[in-house]
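Encoded as structure tokens, the structure appears first; notes follow it.
When a ligand or atom number is given, it counts from 1 through the structure's own listing order.
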Amino acid sequence: MKNFDWIVVGAGITGSVLSYELTKKGLNVLLLEKDPNYSNATRYSYGGVAYWSGTDDYSIQLCQESRDIYHSLSQELGYDTEFRELDLMLTIPVNENPKTVRENYQKFFIQPQLLTPKEATQVEPLLNPDAISGCLQLPHGHLHPQKTNDAYQQAFLRLGGTFNYEKVTQLLSQNTTVTGVKTNKEEYFSENVVICAGGLSHSLLKSIGINVNVYFTHSQLILTPKVDIKLKSLVMPAILNRLDIEEKSGETGIESLWNNPSDQIISDVMEPGAIQFLDGSFCLGQISQIITDPKAKPNQENAEKIIREGVSKILPQLQDLPGKLHHCLVAFCPDSNFLVGKINQFKGLHLFSGFTSTFVFAPPLAKRFAVWVTDNYEKMPSLLS
Ligand SMILES: Cc1cc2nc3c(=O)[nH]c(=O)nc-3n(C[C@H](O)[C@H](O)[C@H](O)COP(=O)(O)OP(=O)(O)OC[C@H]3O[C@@H](n4cnc5c(N)ncnc54)[C@H](O)[C@@H]3O)c2cc1C
């Protein structure tokens, strides 16, 4: 019988950073991950750190803490996360009024600079000035998502954490108290379990009758090998239609579709974007689809063509880069930036998922989570279901 202080389910960035912070507090932590190949959202992410995106005192404070954390993280973890400051270039389509689009960014505590198409190409020479009516420029952070995940895991192991590649198949409980988890290999016991299973958090909790407001999109993107072209910034659309479809997917009526998963597409969007990592490889994105069955395989036949066409309008030189299409699930919460806290129905059960800007919010919230656990458990937020 193996006992731990905490069991963390899922080793994407949320599970890895939380395991590290809990272990740093002297707790005996087991981290469980089902997929040694990491076909998850963290691996296929751009790795942008939107530290400008705070909108109220709390989120602004988290953004500032996040920026501080990343500046010394490689040193703290003893492994290069490739963190750097990088311009974010948010492209505005030709048919949109740039000033109106900029107004939507007034809620953020760092305001973007509005650039004309010509000014935008001076910052990012690969942009096609004829495809945009302007660009919003923001100071952004960037890191290598999988290397940052590895860095947290290595530091967690050095502190004495236990990390097993096993799939959690069942949450164990007695009455309404969590007692541990069952995996495809064995049972582990703990009075505290935290779900960091990304897009699968919803179905894992559903399996014990808990309905939380965390859902997922199916995302498709292209990863390329190292190439000689140089992109100087992270490029994304200024109007993120994905946020609209995520919000709609939590509305009454549509919500019931999550209880009867199907591979019918409720909604999909293509948002042309690109980032180049320090090794010269690119991630080109992305198609986001709401399909309530997590096991559904979205149609990949046209996806690569659609992504290449979308990206090539904005960044023509990237159209024919060699590359391979990938698919993953991305967790989101329709009405807040994240769902972090205790799940009231089951004593000892917790959630750390549903982040909108995971790379900015997860590290400072993991630190807070570890402080709540060790010093002030009553203060940890309770999540209603
Ligand atoms: C193309 C693209 C670009 C993006 N760009 C950005 C960006 O610039 N900035 C940003 O902040 N975010 C970005 N994101 C989103 C971000 O990558 C994700 O929100 C984040 O990586 C999610 O981390 P996670 O740990 O919640 O989930 P995941 O990384 O998906 O990890 C969850 C893990 O749980 C494991 N798991 C699930 N069920 C079980 C089980 N039963 N037992 C054991 N293990 C289990 C899974 O195998 C998986 O490894 C992007 C996403 C995509 C796809």
Side-chain angles (χ1 to χ4, degrees), residues 7-19 30-51 53 63 66 70 86 88 140-146 148-149 152-153 163-171 181-185 188 193-205 207 214 216-223 234-236 240 242 246 270-275 282-289 294 307 325-333 337-340 351-363 365-366:
I7 295 175
V8 178
V9 181
I13 192 66
T14 57
S16 301
V17 63
L18 190 56
S19 300
L30 169 66
L31 173 60
L32 293 166
E33 167 56 50
K34 70 175 174 58
D35 178 12
N37 297 316
Y38 291 95
S39 335
N40 60 14
T42 300
R43 172 164 170 214
Y44 297 133
S45 180
Y46 293 155
V49 185
Y51 57 68
S53 66
C63 284
S66 181
Y70 280 120
L86 190 76
L88 174 65
H140 205 56
H142 185 251
L143 46 75
H144 193 289
Q146 191 57 34
T148 304
N149 206 25
Y152 272 117
Q153 290 174 4
F163 183 11
N164 294 349
Y165 284 109
E166 290 171 46
K167 178 176 179 174
V168 172
T169 53
Q170 199 185 329
L171 298 171
V181 301
K182 185 175 180 182
T183 73
N184 51 332
K185 292 195 180 144
Y188 299 99
V193 173
V194 55
I195 307 299
C196 300
L200 293 174
S201 299
H202 185 85
S203 47
L204 199 53
L205 289 169
S207 68
V214 57
F216 53 86
T217 55
H218 288 259
S219 176
Q220 293 184 88
L221 56 120
I222 297 172
L223 288 187
L234 200 167
V235 177
M236 277 169 42
L240 287 176
R242 178 171 31 97
E246 289 179 359
M270 163 63 201
E271 293 168 331
I275 179 66
F282 276 83
C283 178
L284 308 177
Q286 67 167 313
I287 298 175
S288 301
Q289 294 177 313
I307 295 174
L325 189 79
H326 296 273
H327 162 244
C328 63
L329 300 180
V330 184
F332 70 88
C333 170
N337 280 335
F338 40 80
L339 275 182
V340 168
L351 181 64
F352 191 81
S353 190
F355 290 83
T356 304
S357 291
T358 314
F359 283 96
V360 79
F361 290 124
L365 275 164

Pair Gln286-Tyr46, side-chain hydrogen bond (donor to acceptor under 3.5 Å, both in side chains): steps then yes or no: CA-CA 10 Å; Gln286 67 167 313; Tyr46 293 155; 4.8 Å; no
[X], portion touching ligand 1 at heavy-atom distance under 4.0 Å:
{"X": "Ser16", "answer": "neither"}
{"X": "Leu32", "answer": "backbone"}
{"X": "Thr183", "answer": "neither"}

Would you please test Ser39 and Cys328 for side-chain contact (heavy atoms from CB on, under 4.5 Å) and show each step? CA-CA 6 Å; Ser39 335; Cys328 63; 5.9 Å; no
Is the closest heavy atom of [X] to ligand 1 under 4.0 Å?
{"X": "Glu166", "answer": "yes"}
{"X": "Gly199", "answer": "no"}
{"X": "Gly47", "answer": "yes"}

Below 3.5 Å, N or O to N or O, backbone or side chain included: is there any such pair between [X] and ligand 1?
{"X": "Thr14", "answer": "yes"}
{"X": "Phe355", "answer": "no"}
{"X": "Lys34", "answer": "yes"}
{"X": "Gly48", "answer": "yes"}
{"X": "Tyr38", "answer": "no"}
{"X": "Gln286", "answer": "no"}
{"X": "Ala41", "answer": "yes"}
{"X": "Tyr46", "answer": "yes"}
{"X": "Glu33", "answer": "yes"}
{"X": "Ser45", "answer": "yes"}

side-chain contact (heavy atoms from CB on, under 4.5 Å) partners of Lys182, counting only residues at least two apart: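 Thr169, Gln170, Leu172, Glu187.
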Run the numbers for me: atoms of ligand 1, each under 4.0 Å from some heavy atom of [X], listed by number.
{"X": "Cys328", "value": "53 (C)"}
{"X": "Ser357", "value": "11 (O)"}
{"X": "Ala197", "value": "32 (C), 34 (O), 37 (C), 38 (N)"}
{"X": "Asn40", "value": "28 (P), 29 (O), 30 (O), 31 (O), 48 (C), 49 (O)"}

Would you call the rings of Phe216 and His218 parallel, tilted or perpendicular, taking 30° and 60° as the class edges?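 Answer is perpendicular, since the angle exceeds 60°.
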Using 30° and 60° as the class limits, which term best fits the ring planes of Phe338 and Phe355: parallel, tilted or perpendicular?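 If you compare the ring of Phe338 with that of Phe355, the planes turn out tilted.
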Which residue owns the protein heavy atom closest to atom 31 (O) of ligand 1, what's the atom, and how far is it?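 For atom 31 (O) of ligand 1, the nearest protein heavy atom comes out as Gly12 CA, 3.4 Å.
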Protein contact of atom 11 (O) of ligand 1 - nearest heavy atom, named by residue and atom, plus distance: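 That would be Phe359 N, 3.0 Å.
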Indicate whether any N or O donor in one side chain lies under 3.5 Å from an N or O acceptor in the other, for Tyr38 and Asn149.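 The criterion, which ignores hydrogens and geometry beyond distance, is not satisfied for Asn149 and Tyr38.
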Using 0.5 Å steps for rounding, measure from the CZ atom of Phe359 to the OG atom of Ser66.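 That separation rounds to 10.5 Å.
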Quick test of your reading of the structure: of Val168, Thr356, Ile195, whose heavy atom lies closest to atom 41 (N) of ligand 1?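 The nearest heavy atom belongs to Val168.
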